Amino acid sequence: MSFEVSNPIPTPSINPPDIVRCAYTELVVTDLERSRKFYVDVLGLHVTEEDENAIYLRSLEEFIHHNLVLRKGPVAAVAALAYRVRTPEDVDTAEAYYKEMGCRTERRKDGFTKGIGDSVRVEDPLGFPYEFFYETEHVERLTQRYDLYSAGELVRLDHFNQVTPDVPRGRAYLEDLGFRVSEDIKDSDGVTYAAWMHRKQTVHDTALTGGDGPRMHHMAFATHEKHNIIQICDKMGALRISDRIERGPGRHGVSNAFYLYILDPDDHRIEIYTQDYYTGDPDNPTITWDVHDNQRRDWWGNPVVPSWYTEASLVLDLDGNPQPLTTRTETSEMAVTIGADGFSYTREPGEEKGFKVGSQL
C-alpha cells in the first residue's frame, strides 16, 4: 500500500468471507410509532412485517426480507450493519476470520432478526457491529408494483458511511476484507480524510469518514432518478418538516451522485442517493480529491453545514451498550476547509481561484 498505517490491524491467515453487498441496518429508535410515520408515511419504505417492538422495512426492488429494522429501545443507536455473503460457508469463514483477529463474535443459527437465518455478528476492529449472513426469507419483489410506486420511491439500499478516527487504518482493514477503494480525499501532507469502498459494482457499500468514532454517519437509499429526490423535498415541505432536511439537494463531486441528507426523529442521518457510476472492472481507477477542492463534497460548490461534519449516530456493542468514542487526532476536514488555515478553492490550479464559503463562517 502507498500510504502509511499506524497501529495496523493484523491480517488473518485465512481468506476473508466473500461479501456480496451491504444488505440491511438495524436501528434502535426511541419512539417506534414516530419512526414508522417517518420511514413509511414520509419516505415510503414497504413494511414486510411488524410487531410491538420492531418494524421490518424494505425498498421497492428488494427480495430479501428487509433492508432496515427499526427496533424500539432506550437509546437511539445502530445495532448492526449487515452484509450478505455469497455462500452459507462464508458465514463460517466470517466467524473464523474475526476470531483470528481477536474480535468478539456471536453466532445465531436462527438469526438476530426475523427473516434472516444463520448469522454471525462481530465487534470489528474499528468498534462497529458488523453482521454477515447468507440465509434469508424471500419476499415479493415490488419492481412492477406500479400501483405502489410513489413519486419519491426508494428502490435500493445503497451504502453505509462510518465515522472512524484513523481512516488509513480502517481502509487497510477493509481492503484486507475484500473491499476496493473507488475514491478518497487527502491533502498535500498525506492526511486522509475519507475513503469510499465497494464490494458491489458501484462507488461504495461503505465509506469511512474521519472523526470521533465509532459512529454511523449515515445509511443511504437509492432512487431511480434525481426528480424522485426533489419530490421528497417537496413532500417534506408540504408536511412542514423541512427542518429535517439537513443538506441538499445537490450533486456530489465524490461519486458524482445526486444527494439529499435528512434526519429521522432520532437524528439518525439518511441519505437519498442516485446516479453514481460503475466500478466493476478490476483496474477501475481510484479518484483522489484534494481536501481543499470546494467541489469534492458538493459539485456546485455549496457549503457543507457544520452538523454534517460533527454529528453522527452511536453504535452498540454485542451487549447493546453504546461503544465509547475515540477522538480523532489528525485535523478534521471541516477545520482545514473552513478554518483559518485555508478556504476551499473552486477554480482549477493555475487559474485565479474562486472561493465560495457562505454560511460556513
Side-chain angles (χ1 to χ4, degrees), residues 21-84 91 105-123 128-143 145 147-150 152-157 160 216 218-221 239 241 244 262-270 313-323:
R21 61 173 171 127
C22 63
Y24 81 86
T25 305
E26 183 179 348
L27 286 184
V28 179
V29 299
T30 56
D31 185 325
L32 196 59
E33 183 57 33
R34 187 173 61 164
S35 292
R36 189 189 196 282
K37 289 178 180 177
F38 180 82
Y39 286 100
V40 178
D41 297 344
V42 177
L43 293 186
L45 286 172
H46 301 275
V47 178
T48 302
E49 62 179 299
E50 58 187 318
D51 56 37
E52 66 275 11
N53 295 312
I55 305 172
Y56 299 84
L57 302 170
R58 71 186 192 276
S59 53
L60 185 86
E61 296 181 353
E62 189 56 81
F63 70 92
I64 72 170
H65 188 268
H66 56 262
N67 299 127
L68 177 63
V69 181
L70 304 175
R71 189 176 303 284
K72 185 178 180 180
V75 177
V78 179
L81 301 172
Y83 294 98
R84 189 141 196 231
V91 180
T105 68
E106 183 178 345
R107 183 81 172 264
R108 292 189 187 178
K109 293 293 184 181
D110 295 327
F112 292 83
T113 66
K114 290 183 178 181
I116 303 294
D118 183 21
S119 312
V120 61
R121 284 191 178 180
V122 307
E123 294 174 11
F128 288 94
Y130 269 11
E131 177 180 309
F132 302 91
F133 73 95
Y134 173 80
E135 295 176 1
T136 179
E137 178 183 334
H138 287 199
V139 294
E140 180 188 5
R141 177 177 264 162
L142 301 172
T143 309
R145 288 296 306 274
D147 55 318
L148 301 178
Y149 190 96
S150 71
E153 191 69 40
L154 307 184
V155 295
R156 289 180 300 277
L157 174 66
F160 312 129
M216 184 189 76
H218 65 266
M219 62 176 294
F221 285 94
L239 294 172
I241 55 171
R244 306 310 288 169
I262 58 180
L263 301 173
D264 85 352
D266 285 292
D267 291 335
H268 295 305
R269 182 182 290 109
I270 308 298
S313 298
L314 296 173
V315 301
L316 303 180
D317 63 20
L318 296 185
D319 294 320
N321 301 311
Q323 288 278 30

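All values below were derived from every heavy atom in this structure, side-chain atoms included, with hydrogens, water molecules and symmetry-related copies excluded. All residue numbers in this chain count up from 1 along the given sequence. All figures in this text were calculated on a predicted structure; none of them were measured in a lab.
By the 4.5 Å heavy-atom criterion applied to side chains, Leu27 and Leu68 are counted as neighbours. Looking at heavy atoms from C-beta onward, Arg107 lies in side-chain contact with Val91 at the 4.5 angstrom threshold. With contacts defined as side-chain heavy-atom distances shorter than 4.5 Å, the pair Thr136/His138 qualifies. At least one side-chain heavy atom of Pro322 sits less than 4.5 Å from a side-chain heavy atom of Leu316. Contact check for Pro129 versus Val122: no side-chain heavy atoms found under the 4.5 Å cut-off. Contact annotation: the side chain of Val29 never approaches that of Pro265 to less than 4.5 Å [non-hydrogen atoms, C-beta and beyond]. Under the 4.5 Å side-chain criterion, counting only non-hydrogen atoms from C-beta, Leu157 is not in contact with Arg21.
The backbone N or O of His218 lies less than 3.5 Å from no partner atom in the side chain of Ser313, so there is not a single donor-acceptor pair. Under a 3.5 Å cut-off, the side chain of Ser119 and the backbone N or O of Gly117 do form a donor-acceptor pair. Arg58 places a side-chain N or O within donor-acceptor distance of the main-chain N or O of Glu140, the cut-off being under 3.5 Å. In this structure, Asp266 contributes its side chain and His268 its backbone to no donor-acceptor pair below 3.5 Å. Judged by distance alone, with hydrogens and angles left aside, the side-chain atoms of Asn67 form a donor-acceptor pair with the main-chain N or O of Ala23 at under 3.5 Å. The backbone N or O of Ala80 sits nowhere less than 3.5 Å from a side-chain atom of Glu26 that would complete a donor-acceptor pair.
Around the OH atom of Tyr134, the shell of radius 6.0 Å holds no more than 12 heavy atoms that belong to other residues, nucleotides or ligands. Dense packing is recorded around NZ of Lys114, with more than 12 heavy atoms of other residues, nucleotides or ligands lying under 6.0 Å away. Other residues, nucleotides and ligands contribute over 12 non-hydrogen atoms within 6.0 Å of the CG atom of Asp51.
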Output, in order, the C-alpha distance, side-chain angles, deciding distance and verdict of side chain to side chain donor-acceptor pair (under 3.5 Å) for His66 and Glu137. CA-CA 9 Å; His66 56 262; Glu137 178 183 334; over 6 Å; no
Could you check Glu61 against Arg156 for salt bridge (charged side-chain N to carboxylate O under 4.0 Å, His left out), going step by step and ending with a plain yes or no? CA-CA 6 Å; Glu61 296 181 353; Arg156 289 180 300 277; 2.9 Å; yes
Verdict with reasoning, Asp110 to Arg108, per salt bridge (charged side-chain N to carboxylate O under 4.0 Å, His left out): CA-CA 5 Å; Asp110 295 327; Arg108 292 189 187 178; over 6 Å; no
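Closest heavy-atom contact between Asp267 and Arg244: OD1-NH2, 2.5 Å. In plain terms, the two heavy atoms of Ala54 and Leu32 that are nearest each other are N-CD2, 3.7 Å. When all heavy atoms of Glu131 and Phe133 are compared, the closest pair comes out as OE2-CD2, 3.8 Å. Taking all atoms of both residues into account, the shortest heavy-atom contact from Arg71 to Thr113 is NH2-CG2, 3.8 Å. Looking at every heavy atom in both residues, Val75 comes nearest to Val28 through O-CG1, 3.2 Å.
Of the inter-residue distances, the one linking Met219 atom CE with Asp264 atom CG reads 10.0 Å to the nearest 0.5 angstrom. Separation of atoms CG (Asp118) and CZ (Phe112) is listed at 9.5 Å; rounding is to 0.5 Å. We find the CG-CG distance between Leu70 and Asp31 to be 11.0 Å, quoted to the nearest 0.5 Å. A distance of 14.5 Å separates CD of Glu33 from CZ of Phe38, quoted to the nearest 0.5 Å. The structure places NE2 of His65 at 10.5 Å from CG of Leu57, a figure rounded to the nearest 0.5 Å. In this structure, the separation between CG on Leu43 and CD1 on Ile262 is 4.5 Å, given to the nearest 0.5 Å.
Side-chain contact, Glu62 with His46: no donor N or O sits under 3.5 Å from an acceptor N or O.
Here the options are Tyr24, Tyr83, Phe128, the test is ring-ring contact (aromatic ring centres under 6.0 Å, His included), and the partner is Phe160; only Tyr83 passes.
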